[in-house]
Participant: 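The structure under discussion is supplied below as C-alpha cells; questions concerning it will follow.
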Number of protein chains: 2
Amino acid sequence: MPRSPVSRRLAEAAVALFGERGYDETTVDDIAARAGVSRSTFFRHYRSKEDVIFPDHDALLAKVDARLRASTADTAIVAVCDAVRIVLAHYVEDAEVSLRRYRLVGQVPALRDREIVSVARYQRLFREFAGDWLAGSPDAPLRAELMASSVVAAHNQVLRGWLRANGRHDPFAPLDRALEYVITTFRHLEKPRDAAEQVVVATFARSASPDAVMDAIRTHLEER
Amino acid sequence: MPRSPVSRRLAEAAVALFGERGYDETTVDDIAARAGVSRSTFFRHYRSKEDVIFPDHDALLAKVDARLRASTADTAIVAVCDAVRIVLAHYVEDAEVSLRRYRLVGQVPALRDREIVSVARYQRLFREFAGDWLAGSPDAPLRAELMASSVVAAHNQVLRGWLRANGRHDPFAPLDRALEYVITTFRHLEKPRDAAEQVVVATFARSASPDAVMDAIRTHLEER
DNA sequence: CGGCCTGCTGGTACTAAGTATCGTTCATAT
DNA sequence: ATATGAACGATACTTAGTACCAGCAGGCCG
C-alpha cells in the first residue's frame with residue numbers, strides 16, 4: 001500500500017523497528033515517531049498495526065477478481081492459473097519485502113493469524129468463481145470448495161518453498177507443475193459420466209493374472 | 001471449555017449478551033457482571049473475548065492428533081477419515097451451541113477471522129501427518145498440503161451445509177460421501193507410476209474416430 | 001486446635017490499539 | 001483574495017489484555 005510517500009515512510013519505519021525490537025515491543029507511536037508523523041496519521045494510512053507489513057491485499061484481490069471475471073466457461077482453468085500466477089508474481093516483484101515479512105510472520109503469532117485470514121479471502125474468491133463455473137453440475141458446492149482450497153494450497157506450497165529458499169530459484173515453474181497436478185486431479189473428476197461418451201484406454205501387463213485384471217476393472221468402475 | 005460452573009456461567013452470559021446487543025456492543029465487563037464475577041475472573045477462564053464462544057479447540061485438536069498418531073502406514077486413510085468424523089461429531093453433539101455460534105460468526109468479522117485461524121490449526125495437523133505419511137514419495141510436501149486442504153475443505157463444506165439447514169439432517173452420510181470424493185481423487189495420484197506395474201482398462205465407443213482414440217491415449221499419458 | 005499452604009477470587013493500576021473529534025495548515029480553483 | 005477540501009496534529013476516550021497484590025476459602029499436618 002505504499003502509495004503516498006508518507007505511507008512508504010511509515011512502512012519502512014515499521015519494518016525497521018520490527019526488525020530491531022520485535023513486533024510486540026514496537027508501538028504505533030514508535031513507528032509514527034520514526035516516520036516523522038503523528039499517531040493519527042498512521043491510522044489514516046493503515047487500518048491497524050498489522051496492516052503495515054502486509055501487501056495491498058485489496059488491490060491484489062481486485063486484480064484476481066478481474067482476471068477471473070474476464071473468462072468464459074471454456075477458459076476457466078486458464079483464468080484460475082493466471083490468477084494464481086498474478087498473486088505469486090506480486091510476491092516475487094518485491095522479493096525483499098516478501099522475505100522480510102516471511103521471516104517476521106514466522107515469529108509473531110498475531111501476524112501468522114492475519115496472513116491465514118488474508119489467504120482465506122483469496123480462497124473465497126476462487127470458491128465463488130468455481131461455484132458459478134460448475135453451477136448445475138452435480139456436487140457443485142463440494143467441488144468448488146475442493147477446487148478452491150487445492151488451488152490455494154498449491155500456491156501456498158510453492159510460495160513457501162520459494163521463501164524458504166530466500167527467493168533464489170524461479171518459482172513459476174514449480175507453480176505450473178503444482179497447478180498441473182491440481183488440474184489433472186480435477187479433470188479426473190470432471191470426466192463425462194455418460195457411458196456412451198466414454199473413451200478409455202486399457203493396457204495390461206502380459207503377466208497379469210485374471211484376478212488382477214478384474215480388480216483393476218472394479219477399481220476403475222468404483223472410481224467413476 | 002465450560003468445565004467449571006463459573007466458565008459455564010460466563011459462556012452463557014456472553015452468548016446471551018451477544019444475542020441481545022451484538023458482539024462489538026458487549027464488553028467483557030458486561031459479560032462478567034451478568035455472570036456475577038469480576039473482569040479478572042473472566043480472563044482467568046478465557047484468554048480473550050473471542051475465546052468465550054469457541055469450543056474447546058485445544059482438547060479437540062489433541063483428540064484429532066491422538067487419532068492420527070494411532071495409525072500405521074496402511075491405515076492412514078482410515079485414520080484421517082476418523083479424525084475428521086471426530087471433529088464433525090464435536091459440532092453435532094452440541095448442536096444448539098454450534099448453531100448459535102454459526103449465526104453469530106456469520107455477522108461478526110472478527111469472529112469469522114478467528115474461526116478461519118482455528119480451522120488452519122486443524123489443517124496444519126493433517127498436513128504434518130500427511131507429510132510424515134508420504135515421506136519419501138515424490139512431491140510429498142505438495143501432496144501433503146493438497147491432501148490436508150482437501151480433507152479440511154470437505155469437512156467444512158459438509159459442516160456448513162448442516163449448519164445452514166439448522167442441523168436437521170444427519171451430516172455423517174454427506175461427510176463420508178465427500179471424503180470418498182477426496183480419497184478417490186488422491187488414489188488417482190497415488191497410483192504406481194512404474195509402467196511394468198501398470199494395469200489399465202480401456203473401452204472405446206464403436207463410433208470413435210481414430211483421432212478421438214489418439215487424443216484419449218495422449219490425455220491419459222499426460223495425466224500420469 | 002492453630003498454623004500453613006494452595007487455589008480461586010476481587011480490585012486496582014497499567015499498557016497499548018483503535019476511534020472520534022476539533023482545529024490548523026496548505027494548496028488549488030474560481 | 002477568498003472559498004473549498006484534503007491532509008495533518010493533538011487531545012480525549014473506550015476497551016482488550018496484562019501484571020500485581022491482597023483477601024479468603026478449604027484441606028493438610030503437627
Side-chain angles (χ1 to χ4, degrees), chain A residues 1-54 56-58 104-105 107-115 117-118, chain B residues 1-54 57-58 104-105 107-118:
Chain A
M1 200 194 275
R3 264 262 159 66
S4 79
V6 179
S7 295
R8 198 185 308 265
R9 284 220 314 274
L10 280 168
E12 289 170 0
V15 172
L17 286 169
F18 292 162
E20 294 171 13
R21 308 184 199 173
Y23 179 81
D24 290 324
E25 289 70 27
T26 303
T27 71
V28 174
D29 283 293
D30 298 334
I31 301 170
R34 177 174 288 215
V37 297
S38 75
R39 208 176 90 98
S40 305
T41 299
F42 176 91
F43 285 107
R44 283 196 188 94
H45 288 266
Y46 299 98
R47 276 194 291 266
S48 73
K49 180 180 168 185
E50 297 164 356
D51 264 0
V52 78
I53 34 168
F54 282 97
D56 199 346
H57 277 303
D58 291 330
L104 196 60
V105 167
Q107 292 173 341
V108 183
L111 297 179
R112 229 185 178 358
D113 293 353
R114 172 63 175 244
E115 192 178 61
V117 170
S118 297
Chain B
M1 201 194 270
R3 265 260 157 67
S4 80
V6 179
S7 295
R8 199 185 307 267
R9 283 220 315 275
L10 279 167
E12 287 169 1
V15 172
L17 285 168
F18 292 164
E20 294 172 13
R21 308 184 198 173
Y23 179 80
D24 290 323
E25 289 71 28
T26 303
T27 71
V28 175
D29 283 294
D30 298 334
I31 302 171
R34 176 174 288 214
V37 297
S38 74
R39 209 177 88 98
S40 303
T41 300
F42 176 91
F43 283 109
R44 282 195 190 94
H45 288 266
Y46 298 98
R47 274 196 292 265
S48 72
K49 181 181 167 186
E50 297 163 358
D51 264 1
V52 77
I53 30 169
F54 282 97
H57 276 303
D58 291 330
L104 196 61
V105 167
Q107 291 173 341
V108 183
L111 297 179
R112 223 176 186 3
D113 293 352
R114 174 62 174 243
E115 193 179 48
I116 289 168
V117 170
S118 296

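This structure is a prediction, so every number in the text was calculated from the model and none was measured. In the text below, chain A, chain B and the rest are named by the order of the sequence lines, each starting its count at 1.
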Participant: If you compare all heavy atoms of A:Thr26 against all heavy atoms of A:Lys49, which two are closest, and at what distance to 0.1 Å?
Facilitator: O-NZ, 2.7 Å
Participant: Starting from P on C:dT19, measure out to CZ on A:Arg47 and report it in whole angstrom.
Facilitator: 10 Å
Participant: Whole-Å distance between C:dC14 C1' and A:Asp29 CG?
Facilitator: 15 Å
Participant: Using whole Å, what does the distance between atom P of nucleotide D:dA16 and atom NZ of A:Lys49 come to?
Facilitator: 18 Å
Participant: Whole Å only: how far is the CZ atom of A:Arg39 from the C1' atom of C:dT19?
Facilitator: 9 Å
Participant: I need the CG-P distance between B:Asp51 and D:dG17, as an integer number of Å.
Facilitator: 9 Å
Participant: Which whole-number value in Å describes the distance from B:Arg114 CZ to D:dA16 P?
Facilitator: 14 Å
Participant: What residues, two or more places apart in sequence or in another chain, satisfy ring pair (Phe, Tyr, Trp, His ring centres under 6.0 Å) together with B:Tyr23?
Facilitator: B:Phe18
Participant: Toward the 5' end of DNA chain C, which comes first, A:Phe43 or B:Gly36, by nearest nucleotide?
Facilitator: B:Gly36
Participant: Between A:His45 and D:dC8, does any side-chain N or O lie under 4.0 Å from OP1 or OP2?
Facilitator: yes
Participant: Has the side chain of A:Asp113 got a donor or acceptor atom that lies under 3.5 Å from a matching backbone atom of A:Ala110?
Facilitator: no
Participant: Would you mind reading off the distance between B:Phe42 atom CZ and C:dG11 atom C1', rounded to a whole angstrom?
Facilitator: 18 Å
Participant: Please check this pair: side chain of A:Tyr46 against backbone of A:Ile53, looking for a donor-acceptor N/O pair closer than 3.5 Å.
Facilitator: no
Participant: Which atoms of nucleotides 20-23 of chain C (N or O only) lie under 3.5 Å from a protein N or O atom, and what are those distances?
Facilitator:
none

Participant: Compare every heavy atom of B:Leu10 with every heavy atom of B:Ala32, then report the nearest pair and how far apart it is.
Facilitator: CA-CD2, 4.1 Å
Participant: Side chain of B:Thr41, heavy atoms from C-beta onward: which of D:dG9, D:dT15, C:dT9 has the nearest atom to it?
Facilitator: C:dT9
Participant: Return the value, rounded to whole Å, for the distance between atom CD of A:Glu25 and atom P of C:dA17.
Facilitator: 11 Å
Participant: Please examine the side chains of B:Val37 and B:Arg9, heavy atoms only from C-beta on, and report whether any two atoms are closer than 4.5 Å.
Facilitator: yes
Participant: Looking at C:dG11, I'd like to know if its phosphate oxygens (OP1 or OP2) sit under 4.0 Å from a side-chain N or O belonging to B:Ser38.
Facilitator: no
Participant: Would you sort out whether A:Val6 and A:Arg44 count as a side chain to side chain contact (heavy atoms under 4.5 Å, CB included), showing the intermediate values?
Facilitator: CA-CA 10 Å; A:Val6 179; A:Arg44 283 196 188 94; over 6 Å; no
